[in-house]
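Here's the structure we're looking at; comments come further down.
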Amino acid sequence: MTAPSDDAPWMRRALDLAVRNVESGNGGPFAALVVEDGSMLAEGVNRVTDTNDPTAHAEVVAIRAACRERDHFELDGCTLYATCEPCPMCLGAVYWSRLDRVVYAATRSDAAEAGFDDHHIYEELRKPPAERRIDMDRALVDESERPFRAWRQFDDRVEY
């Protein structure tokens, strides 16, 4: 699906930001913008290697910055412009932040050809926890409901 032409300036800005990020040596070839009502709320670039933080993908960096700017954890009414199709982690952040829309340029196949292959993560997500490559074991199952009971009983909780 092709995005409307008014998305082009935002995507071009994100693509330029990604190229500058590579040229600066600060991170990978990814950038993202969060736009609300035709104005940029926040931007982010990949900072994984610069910060030694595997969660510092451009989309996550932009979402965090936008939430700080909005002083809220939800980004309803906003569009995320990402230079590449979001990976599973970033896609989770998109849904948790309640963005209305995502517009991306490159596909995950394009990213894989450049050496950023997340296919193995998609494959792992299809498997039950016991069959995943990384051991996933349950512990204290009989106590596992305790935090949820506390949450349900906490009158001042903020639903999300």
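The analysis underlying the following values was restricted to heavy atoms, covering all of them including side chains, and did not include hydrogens, waters or symmetry mates.
The backbone N or O of Thr107 sits less than 3.5 Å from a side-chain atom of Asp110, completing a donor-acceptor pair. Put simply, the side chain of Asp117 never gets that close to the backbone of Ala112: no donor and acceptor are under 3.5 Å apart. Between the side chain of Asn21 and the main chain of Asn26, no donor-acceptor pair closer than 3.5 Å is present. Side chain of Arg98 to main chain of Glu74: no donor-acceptor pair is present (N/O by atom type, distance under 3.5 Å, no hydrogens or angles).
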Starting from the C-alpha separation in whole Å, work towards a yes-or-no answer on side-chain contact (heavy atoms from CB on, under 4.5 Å) for Tyr81 and Tyr104. CA-CA 6 Å; Tyr81 291 89; Tyr104 63 93; over 6 Å; no
Check step by step if side-chain contact (heavy atoms from CB on, under 4.5 Å) holds for Ile63 and Leu75. CA-CA 8 Å; Ile63 287 169; Leu75 296 173; 4.0 Å; yes
Any chance you could lay out the side-chain contact (heavy atoms from CB on, under 4.5 Å) test for Ser109 and Glu85, step after step, and finish with the verdict? CA-CA 9 Å; Ser109 296; Glu85 179 181 357; over 6 Å; no
Given Glu143 and Arg146, is the salt bridge (charged side-chain N to carboxylate O under 4.0 Å, His left out) satisfied, shown in steps? CA-CA 6 Å; Glu143 295 182 37; Arg146 233 169 8 112; 3.4 Å; yes
side-chain contact (heavy atoms from CB on, under 4.5 Å) between Trp10 and Thr79: does it pass, once the steps are laid out? CA-CA 10 Å; Trp10 293 115; Thr79 298; over 6 Å; no
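The distance from atom CG of Leu91 to atom CD1 of Ile121, rounded to the nearest 0.5 Å, is 12.0 Å. Note that SG of Cys84 is 10.5 Å distant from NE2 of His57, once rounded to the nearest 0.5 Å.
The side-chain heavy atoms of Thr83 and Pro29, taken from C-beta on, include no pair separated by under 4.5 Å. Side-chain atoms of Glu124 and Pro88, non-hydrogen and from C-beta on, never get closer than 4.5 Å to each other. Taking 4.5 Å as the limit, every side-chain heavy atom of Val45 sits out of range of all side-chain heavy atoms of Val61. With a 4.5 Å cut-off on side-chain heavy atoms, Phe154 and Asp156 count as touching. Residues Met11 and Arg13 fail the side-chain proximity criterion, which asks for heavy atoms closer than 4.5 Å. A 4.5 Å side-chain heavy-atom check between Tyr160 and Trp96 finds at least one atom pair inside the cut-off. Here the side chains of Met89 and Val94 are not in contact, with every heavy-atom distance at 4.5 Å or above. Taking 4.5 Å as the limit, some side-chain heavy atom of Thr55 sits within range of a side-chain heavy atom of Arg64.
If you run side chain to side chain contact (heavy atoms under 4.5 Å, CB included) between Leu80 and each of Val103, Leu33, Leu99, only Leu99 comes through.
Comment: Glu23 does not engage Arg20 in a salt bridge, judged by the lack of any side-chain N to carboxylate O separation of less than 4.0 angstrom. Checked for salt-bridge contact, Glu123 and Arg132 miss the test: no charged N lies under 4.0 Å from a carboxylate O.
The stretch residues 36-45 participates, sequence neighbours left out, in these side chain to side chain donor-acceptor pair (under 3.5 Å) pairs: Glu36-Arg70.
Of all the heavy atoms in Ala42 and Ala66, the pair that sits closest is CB-N, 3.4 Å. Contact between Cys90 and Pro86 at its shortest, heavy atoms only, is CB-CB, 3.9 Å. Of all heavy-atom pairs between Ala58 and Ala31, the closest is CB-CA, 3.5 Å.
Not a single salt bridge (Lys or Arg N to Asp or Glu O under 4.0 Å) links Glu131 to another residue, sequence neighbours left out.
Aromatic ring centres of Phe116 and Phe30 lie closer together than 6.0 Å.
Tyr122 carries Arg108 over the face of its six-membered ring, with the cationic atom under 6.0 Å from the centre and within 45° of the normal.
Around atom CG of Asp142, more than 12 heavy atoms belonging to other residues, nucleotides or ligands sit under 6.0 Å away. Annotation for Arg12: atom CZ does not count as buried by contact number, only 12 or fewer foreign heavy atoms lying within 6.0 Å.
Cluster membership check: Leu15 shares its hydrophobic cluster with Leu17, using side-chain heavy-atom separations under 4.5 Å among Ile, Leu, Val, Met, Phe, Trp and Tyr.
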